[in-house]
Amino acid sequence: MIEILSPAQLAQARDTGALVADILQTLKSRSTIGTNLLDIDRWTKTMIVEAGAQSCYVDYEPSFGRGPFGHYICTAVNDAVLHGRPYDYTLADGDLLTLDLAVSKGGVAADAAISFIVGESKPPESVALISATERALRAGIAAARPGARIGDISHAIGSVLSEAGYPINTEFGGHGIGSTMHQDPHVSNTGRPGRGYKLRPGLLLALEPWVMADTAELVTDADGWTLRSATGCRTAHSEHTIAITADGAEILTLPRQTHP
């Protein structure tokens with residue numbers, strides 16, 4: 001299903017997106033050396049409930065996971081990159097942490113992810129990984145305008161990741177979003193320009209470049225959800241939900257203080 005949002009739904013999407021961004025920034029500030037991933041999950045639940053919103057994750061049971069996800073946020077550390085299920089792990093100095101959050105409010109969902117390094121250590125490889133995903137995300141957003149095609153976004157993202165020297169996995173990527181978290185069209189992190197669905201005002205997309213330092217192969221954790229790099233290398237993931245407007249792409253998952 002590809003959904004085109006009405007002006008009223010788009011207004012709600014802005015509110016939901018800002019909520020997601022605000023929660024992620026609060027969690028980033030609290031995620032310090034000694035923080036437990038289960039504490040991050042509890043904090044997320046509290047903020048979602050207090051905002052009158054609903055988690056997109058707790059009861060989520062897609063074909064690629066084993067049973068309901070059962071948590072409020074994805075927490076991926078170091079070699080984990082996607083669908084990281086929170087568990088009893090205490091963050092250490094230099095850990096590369098990705099927080100991925102999707103929330104629904106007022107009938108509209110928004111999805112975003114941030115990667116950052118915990119503590120004072122800044123391993124150069126980790127800094128480079130995060131930077132590449134952030135640059136790729138900006139390139140994908142710049143390519144998202146009415147009349148362009150999904151392939152234009154994928155090509156822009158993939159060009160940045162390839163130029164940075166990272167292998168690109170095409171099993172998981174960005175997606176449409178709206179009244180539900182995961183919709184068509186699929187937005188691969190590499191592709192050919194001029195191909196795929198033509199972008200229209202009112203379309204919401206979650207763009208999410210992610211990379212692993214030296215492999216494109218994923219392995220699934222024993223929890224049935226967490227995806228890790230097959231070689232144990234570090235990973236990073238950046239994501240925004242955007243709306244296609246007559247003027248181009250509007251980023252919906254910006255913190256409220258910087259949101260238009």
Side-chain angles (χ1 to χ4, degrees), residues 1-5 8-28 37-38 40-76 80-87 97-115 137 171-187 202-210 220-221 223-227 237-243 251-256 259:
M1 178 179 70
I2 296 178
E3 217 172 30
I4 302 298
L5 271 63
Q9 289 174 308
L10 182 55
Q12 179 58 59
R14 292 187 181 102
D15 184 57
T16 307
L19 173 63
V20 168
D22 288 344
I23 291 175
L24 286 175
Q25 290 304 311
T26 299
L27 294 173
K28 180 179 180 180
L37 298 183
L38 294 175
I40 295 174
D41 190 51
R42 283 191 288 268
W43 296 335
T44 304
K45 176 183 178 180
T46 297
M47 287 186 279
I48 291 173
V49 171
E50 288 179 348
Q54 297 79 43
S55 168
C56 292
Y57 290 164
V58 171
D59 298 322
Y60 191 49
E61 194 173 0
S63 59
F64 55 78
R66 190 174 68 209
F69 185 72
H71 292 272
Y72 290 80
I73 191 167
C74 295
T75 56
V81 65
L82 296 174
H83 315 150
R85 202 173 190 185
Y87 66 105
L97 174 63
T98 297
L99 301 177
D100 188 354
L101 176 65
V103 166
S104 180
K105 186 179 180 185
V108 182
D111 191 359
I114 55 174
S115 289
L137 181 55
E171 295 173 78
F172 296 93
H175 51 90
I177 187 169
S179 60
T180 56
M181 173 175 58
H182 282 146
Q183 299 180 357
D184 291 330
H186 173 70
V187 188
L203 175 70
L204 262 59
L205 296 171
L207 306 184
E208 46 183 314
W210 59 274
T220 304
D221 231 357
D223 65 12
W225 276 96
T226 304
L227 296 177
H237 177 196
S238 296
E239 179 180 13
H240 271 311
T241 294
I242 64 170
I251 303 173
L252 302 179
T253 43
L254 293 174
R256 221 171 289 265
H259 199 275

> For the atom pair CG (Leu203) and CD1 (Ile4), what is the distance rounded to the nearest 0.5 Å?
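Here the rounded value is 5.0 Å.
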
> Of all heavy-atom pairs between Gln9 and Val108, which one has the smallest distance, and what is that distance?
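For Gln9 versus Val108, the nearest heavy atoms are O-CG2, 3.8 Å.
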
> Return the minimal non-hydrogen interatomic distance between Ala112 and Val20, and the atom names on each side.
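Closest pair (atom of Ala112, atom of Val20, distance): CB-CG1, 3.8 Å.
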
> Taking ring pair (Phe, Tyr, Trp, His ring centres under 6.0 Å) as the definition, give me every residue that meets it alongside Phe172, ordered by chain and number, with sequence neighbours left out.
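Scan of Phe172 (ring pair (Phe, Tyr, Trp, His ring centres under 6.0 Å), adjacent residues dropped) gives Phe64, His83.
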
> If I compare all heavy atoms of Gly52 with all of Lys105, which pair ends up nearest, and what's the gap?
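Smallest interatomic distance, heavy atoms only, reads O-CG, 4.3 Å.
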
> Before giving the answer on side-chain contact (heavy atoms from CB on, under 4.5 Å), spell out for Ile114 and Gln25 the whole-Å C-alpha distance, their side-chain angles and the decisive distance to 0.1 Å.
CA-CA 9 Å; Ile114 55 174; Gln25 290 304 311; 4.2 Å; yes

> Would you compute the distance between atom CG of Leu204 and atom CG of Leu10 and round it to the nearest 0.5 angstrom?
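Spacing of CG (Leu204) from CG (Leu10) equals 6.5 Å.
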
> Using the test salt bridge (Lys or Arg N to Asp or Glu O under 4.0 Å), find all partners of Asp221 that sit at least two apart in sequence or belong to another chain.
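Arg228.
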
> Using the test side-chain contact (heavy atoms from CB on, under 4.5 Å), find all partners of Glu171 that sit at least two apart in sequence or belong to another chain.
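side-chain contact (heavy atoms from CB on, under 4.5 Å) check on Glu171 returns Asn169, Leu218.
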
> With sequence neighbours excluded, what pairs up with Gln183 under the side chain to side chain donor-acceptor pair (under 3.5 Å) test?
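For Gln183 the side chain to side chain donor-acceptor pair (under 3.5 Å) partners, ignoring immediate neighbours, are Glu3, Thr180.
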
> Using the side-chain contact (heavy atoms from CB on, under 4.5 Å) definition, which of the options Leu37, Ile23, Ile40 pairs with Leu99?
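Output: one option passes, namely Ile40.
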
> Measure from the side-chain N and O atoms of Asp100 to the backbone N and O of Cys74, and report whether any donor-acceptor pair falls under 3.5 Å.
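Not at all, since once roles are kept as given, no pair shorter than 3.5 Å links the two residues.
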
> Any donor and acceptor pair, going by atom type alone, linking the side chain of Thr241 with main-chain N or O of Thr253 inside 3.5 Å?
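Such a contact is absent between Thr241 side chain and Thr253 backbone.
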
> Just verifying a value: how many Å separate Ser104 OG and Gln12 CD, rounded to the nearest 0.5 Å?
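Here the rounded value is 8.0 Å.
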
> Between OG1 of Thr44 and CG of Leu27, what distance do you get to the nearest 0.5 Å?
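So the OG1 of Thr44 and the CG of Leu27 are separated by 4.0 Å.
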
> Between the main-chain N or O of Gly67 and the side-chain N or O of Trp225, is there a donor-acceptor pair closer than 3.5 Å?
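Looks like yes, one N/O pair under 3.5 Å.
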
> When rounded to the nearest 0.5 angstrom, what distance separates CG in Leu207 from CD in Glu239?
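So the CG of Leu207 and the CD of Glu239 are separated by 8.0 Å.
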
> Please list all pairs meeting side-chain hydrogen bond (donor to acceptor under 3.5 Å, both in side chains) that have one or both residues in residues 67-76, counting only residues at least two apart or in different chains.
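Sorted pair list: Asp41-His71.
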
> Looking at residues at least two apart in the chain, or sitting in another chain, which of them share a side-chain contact (heavy atoms from CB on, under 4.5 Å) with Ala102?
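Ala102 satisfies side-chain contact (heavy atoms from CB on, under 4.5 Å) with Cys56, Tyr57, Asp111, Met181 only.
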
> Going by side-chain contact (heavy atoms from CB on, under 4.5 Å), name the residues that satisfy it together with Pro68, two or more places apart in sequence or in a different chain.
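With sequence neighbours excluded, Pro68 shows a side-chain contact (heavy atoms from CB on, under 4.5 Å) to Glu61, given in chain and number order.
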
> So which heavy atom on Leu205 is nearest to which on Val187, and how close?
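Distance-wise, the nearest heavy atoms are CD2-CG2, 4.2 Å.
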
> Using the test side chain to side chain donor-acceptor pair (under 3.5 Å), find all partners of Glu208 that sit at least two apart in sequence or belong to another chain.
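Partners of Glu208 under the side chain to side chain donor-acceptor pair (under 3.5 Å) test: His175, His237.
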
> Name all residues meeting the side chain to side chain donor-acceptor pair (under 3.5 Å) criterion together with Asp223; count only those two or more places apart in sequence or in a different chain, and write none if there are none.
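Asp223: side chain to side chain donor-acceptor pair (under 3.5 Å) contacts with Thr226.
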
> Return the set of residues passing side-chain contact (heavy atoms from CB on, under 4.5 Å) with Thr46 (not counting sequence neighbours), or none when no residue passes.
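side-chain contact (heavy atoms from CB on, under 4.5 Å) list for Thr46, sorted by chain: Glu50.
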
> Sequence neighbours left out, what passes ring pair (Phe, Tyr, Trp, His ring centres under 6.0 Å) with His240? Give chain and number order.
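Partners of His240 under the ring pair (Phe, Tyr, Trp, His ring centres under 6.0 Å) test: none.
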
> Would you please name every residue forming a salt bridge (Lys or Arg N to Asp or Glu O under 4.0 Å) with Arg42, sequence neighbours left out?
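Expected list: Asp39.
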
> Distance from Thr26 atom OG1 to Trp43 atom CH2, nearest 0.5 Å?
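With rounding to 0.5 Å, OG1 (Thr26) is 10.5 Å from CH2 (Trp43).
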
> Can you name the nearest heavy-atom pair linking Pro86 to Phe69, along with the distance?
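Heavy-atom minimum between the residues: CD-CZ, 4.1 Å.
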
> By the definition side-chain contact (heavy atoms from CB on, under 4.5 Å), identify the one residue from Leu24, Val103, Ile48 that meets it with Ile73.
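In the set Leu24, Val103, Ile48, the residue that makes a side-chain contact (heavy atoms from CB on, under 4.5 Å) with Ile73 is Leu24.
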
